[in-house]
Amino acid sequence: MKHNFGAGPCILPKEVFQEASQAVLDFNNTGLSILEISHRSKEFEEVVIETERLVRELLNVPQNYSILFLQGGASQQFAMVPLNLLPEGGKAAYFDTGVWATKAAKEAKKIGQIEIVASSSDKNYNYIPKGFEVPADSAYFHYTSNNTIYGTEVFDKPNASVPTVVDMSSDILSRVINVSDYDLIYAGAQKNMGPAGVTLVIIKDEILGKSRRSLPAIFDYEAHIKAGSMYNTPPVYSIYVSMLNLRWLKAKGGVSVIERENIVKARTLYEEIDRNPFFKGTAAVEDRSRMNVTFVMDNPDLEAEFLALAKERNLIGIKGHRSVGGFRASIYNALSITSINALVDAMREFEEKHK
């Protein structure tokens with residue numbers, strides 16, 4: 001058995017893979033592959049409707065929010081957000097907690113004025129700054145909820161009196177949130193929702209139409225809302241597989257159930273990191289991510305040996321990002337506690353060998 005701790009694209013449940021693979025050959029007994037059916041067909045229209053319904057149900061999305069399935073990844077949203085929400089001559093507030101937050105701010109700066117209200121770059125993004133203020137004259141406040149590279153997560157929404165935009169690419173659907181606390185949520189699907197290729201956008205309808213910019217329709221949220229996520233040909237297969245994964249999550253009992261599982265998984269691994277003298281965590285304890293666990297060896301010279309052991313034990317994808325080094329275990333929704341226990345066993349085996 002392979003234990004996939006890769007940072008993304010995400011691990012998905014086996015039953016999702018099985019049903020999705022069958023649909024490649026014959027989708028719903030149509031005699032056609034899901035890869036070749038028309039995106040305007042009744043069959044695919046039903047897929048989009050169900051996927052939206054599942055997102056709305058699982059996240060308890062209010063009716064005054066629109067749900068979109070777009071292309072371009074979160075990286076495209078780095079530009080679409082300011083294009084749609086930042087008026088000419090206005091400014092936006094950004095919270096810098098890692099590479100993706102930095103990239104979002106960099107793109108927004110090409111479109112208008114931005115202010116970095118807080119940053120953890122001084123300590124290589126190993127903590128989440130607290131106690132900062134968001135200027136009341138900001139058009140919006142943007143932050144990234146989970147920082148995959150550095151292993152930090154923002155669990156409590158920062159205080160802001162202006163519209164709040166959050167990039168939840170790597171922790172969407174992993175924990176209960178109050179959607180009405182936010183004005184726009186976006187998330188690349190490839191961590192917890194589905195395969196790469198589709199981006200979820202949840203947007204409060206009343207914040208649109210205020211930037212007074214003349215936008216190309218492909219970058220205009222209102223155009224996509226009016227077209228029901230079909231302004232252009234949507235990523236059909238990615239939406240379909242996301243629907244299957246959302247069905248799986250609902251059958252498990254929903255987001256509250258998976259959150260409890262994720263808490264247990266993260267706690268189990270962090271407890272071993274803190275107990276084992278050969279390893280140490282890199283993120284501030286109070287800001288540790290449940291999705292991406294980052295840690296290093298107390299003796300860096302032993303890291304290659306532990307990676308070799310991990311490979312022998314079928315522990316895949318635990319090499320850390322070059323910005324942090326060491327190891328990163330991404331423990332998204334579909335990763336079972338069995339895989340966590342396999343990694344813990346390998347860490348204990350390594351400890352016994354080097355005592």
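We number each residue from 1, following the sequence as shown. As the structure is a computational prediction, the values presented were derived from the model and not from experiment.
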What are the two closest heavy atoms between H224 and N232, and how far apart are they?
CE1-OD1, 4.2 Å

Are [Y] and [X] linked, directly or through intermediate hydrophobic residues, by side-chain heavy-atom contacts shorter than 4.5 Å (ILVMFWY only)?
X: I218; Y: I111; result: yes
X: M168; Y: I202; result: yes
X: V48; Y: Y231; result: no
X: Y186; Y: L70; result: yes

Do F27 and Y240 have ring centres separated by under 6.0 Å?
yes

Under-4.0 Å salt bridge between [X] and [Y]:
X: E303; Y: K319; result: no
X: R175; Y: E153; result: yes
X: D137; Y: K91; result: yes
X: E222; Y: K226; result: no
X: K103; Y: E107; result: no
X: D274; Y: R267; result: no
X: E57; Y: R53; result: yes
X: K109; Y: E115; result: no

Might you work through the ring-ring contact (aromatic ring centres under 6.0 Å, His included) test for F279 and F306, ending with a clear yes or no?
CA-CA 11 Å; F279 301 91; F306 183 71; 5.0 Å; yes

Going through the checks in order, is the side-chain hydrogen bond (donor to acceptor under 3.5 Å, both in side chains) test met by D205 and S66?
CA-CA 6 Å; D205 296 326; S66 293; 2.6 Å; yes

Gap separating the OG atom of S238 from the CE atom of M243, nearest 0.5 angstrom
13.0 Å

Nearest 0.5 Å please: distance from the CD1 atom of I149 over to the OG1 atom of T97.
11.0 Å

Take atom [atom1] of [X] as the centre, draw a 6.0 Å sphere, and report whether it contains more than 12 heavy atoms from other residues, nucleotides or ligands.
X: D345; atom1: CG; answer: yes
X: D156; atom1: CG; answer: no
X: E133; atom1: CD; answer: no

Decide side chain to side chain contact (heavy atoms under 4.5 Å, CB included) for L244 and F17; before the verdict, give the C-alpha distance in whole Å, the side-chain angles of both, and the deciding distance to 0.1 Å.
CA-CA 9 Å; L244 297 180; F17 284 131; over 6 Å; no

Consider only side-chain N and O atoms of [X] and [Y], and report whether a donor and an acceptor are under 3.5 Å apart.
X: T152; Y: D287; result: no
X: D183; Y: T164; result: no
X: S174; Y: N262; result: no

Given ring-ring contact (aromatic ring centres under 6.0 Å, His included), test H142 with Y94 step by step and report yes or no.
CA-CA 5 Å; H142 177 285; Y94 276 71; 4.7 Å; yes

Flag side-chain contact, heavy atom, 4.5 Å: E45 against R40:
no

Residue pair Y65 / S180, side-chain heavy-atom distance below 4.5 Å:
yes

Option from K265, K2, H3 for which side chain to side chain donor-acceptor pair (under 3.5 Å) with S339 holds:
H3

Start with the C-alpha distance between E272 and R348, add both sets of side-chain angles, then the distance that settles salt bridge (Lys or Arg N to Asp or Glu O under 4.0 Å), and finish with yes or no.
CA-CA 8 Å; E272 178 59 23; R348 291 175 179 172; 3.0 Å; yes

Against L184, only a single residue in D167, N84, V166, V165 fulfils side chain to side chain contact (heavy atoms under 4.5 Å, CB included); can you say which?
V165

Do the numbers put K130 on top of the ring of F132, so that NZ or CZ is under 6.0 Å from the six-membered ring centre and no more than 45° off the axis?
no

